[in-house]
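Data first, discussion second: the structure below is written as structure tokens.
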Number of protein chains: 2
Amino acid sequence: MNVNPGLPPTNGDDATRLTGTSFAVLTLIELLGPSTPYDLKQALERSIANFWMVPHTTFYAEPTRLVKGSFLSEQQEAGGRRRKVYSLTDAGRDALDRWRSSPELTPPQLREEGVLKIFAGGDPIPIFRERCDWHRAKLAELEGYLEAVSGDDPAWNGVRSSLQVGVAYNRMMLEAMERFLESQAASGTP
Amino acid sequence: MNVNPGLPPTNGDDATRLTGTSFAVLTLIELLGPSTPYDLKQALERSIANFWMVPHTTFYAEPTRLVKGSFLSEQQEAGGRRRKVYSLTDAGRDALDRWRSSPELTPPQLREEGVLKIFAGGDPIPIFRERCDWHRAKLAELEGYLEAVSGDDPAWNGVRSSLQVGVAYNRMMLEAMERFLESQAASGTP
DNA sequence: CGGCTATAGTACGACCCGTACTATACAGAT
DNA sequence: ATCTGTATAGTACGGGTCGTACTATAGCCG
């Protein structure tokens, strides 16, 4: 049971090993151009984190690993904070291309405490009500992002598509739970 | 960004700390009675792993932690392999009750490499096709489990409900993606 | 320029994870 | 009886991940 799926189920190779998090970093640098870790963190939290969550400490560490595998190159800012700026190398671009155009996918993974509680015998009604609120908020958030990228630069096509997927997903979840709650309310007061 | 949500976002307390995985173990022991780690692993893989994945090595370790926190007690089998058998303590049962009846939930978390690839500019069509196959298989699997627990022992109500949620979820995902693929096929050959 | 808040990180230890390996049970073949 | 293959039932280990807590600079408002 692989909980932390990367690309190959670890080819044992070591510094060459690329996880989903690696590709998240590579993709963002391709989109944004040379970036500092903080640029990446900001962008991540408004986009990828919605379907591929990464804690910020892991995220700050990832570029360092990718430099070691020479998928990224690193420059130092001249003045100010002298922050590190990362760019894609050819190897990085290649790896990204190969991954992106391969049809292989690791299984989707859900961690849903609500269903866990229902399994354990918890009352579904308050659980679904909580979740409805959450999905409503998420839906509003994603619709906001979607408006923010509403140009037609083809480089952002994927970004727009994934946001549309997210909107559709949350709307579906929300409607399904609302239907359930209504049906319960109806059968509760006959 | 909390990727590994437990109950409280870690109260710092230490051995008393209970994660979602802890409650998975406690719930299964409540359902099955005193159990060996392997019993638990088997049951987990057919149920909870669908919405709360845990690798088997973590899972084998968890009962040990729970004994340390005195949520479980441990006996040794008399003969044969002298395997360890775990039972709920009163503290364990209390913790489980409190968690199960509290309405608080950590946010749901999805790790979906398909959307990550779409974000990165991958072609959605083969990705959704892959995913359709996956959801179809999962649906069949869950329907099998559902038949297997089709008695009416009230202790298994939560188990049945969570399976129904899983079936509904996978059916929804499958139908949404099939609709998308059909609409693409239609617009592709006008 | 002094304090406040937001921004931009680092430190660290506990825990998690995947790979690889070990070891026992049991069935059927010899 | 024992061999040998397969399913069952785990353990060992080291690198990676996680959350908490802390530090430090930037910009703003008075």
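All values reported here derive from a predicted model rather than from experimental measurement. No hydrogens, no waters, no symmetry mates; every other heavy atom, side chains included, goes into these values. Letters go in sequence order (proteins before strands), and every chain restarts at 1.
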Using the side-chain heavy atoms of [X], tell me which of these nucleotides is nearest: [options].
| X | options | result |
| --- | --- | --- |
| B:P55 | D:dC18, C:dC17, C:dC15 | C:dC17 |
| A:T57 | C:dA11, D:dG10, D:dT11 | C:dA11 |
| A:H56 | C:dC16, C:dT10, C:dC17 | C:dT10 |
| A:T36 | D:dT11, C:dG9, C:dC17 | C:dG9 |

Less than 3.5 Å apart, any donor N or O on the side chain of A:Q164 or A:R160 sitting next to an acceptor on the other?
no
Distance in angstrom units between [X] [atom1] and [N] [atom2], rounded:
| X | N | atom1 | atom2 | answer |
| --- | --- | --- | --- | --- |
| A:Y60 | D:dC22 | OH | P | 19 Å |
| A:R111 | D:dT17 | CZ | P | 15 Å |
| B:E45 | D:dT8 | CD | C1' | 12 Å |

Quick one: does A:E112's side chain have a donor or acceptor within less than 3.5 Å of a partner on B:F51's backbone?
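The answer is no, because no donor-acceptor pair under 3.5 Å joins these two groups.
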Residues 142-151 of chain A side chain polar contacts: donor-acceptor under 3.5 Å, at least two apart:
{"residue": "A:Y145", "atom": "OH", "partner": "A:E141", "partner atom": "OE2", "Å": "2.7"}
{"residue": "A:S150", "atom": "OG", "partner": "A:E147", "partner atom": "O", "Å": "2.8"}

Closer than 4.0 Å, any side-chain N/O of B:T58 to the OP1 or OP2 of C:dC17?
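Answer yes for this pair, as a side-chain N or O of B:T58 is under 4.0 Å from OP1 or OP2.
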Partner residues of B:D97 under the side chain to side chain donor-acceptor pair (under 3.5 Å) criterion, sequence neighbours left out
B:R100
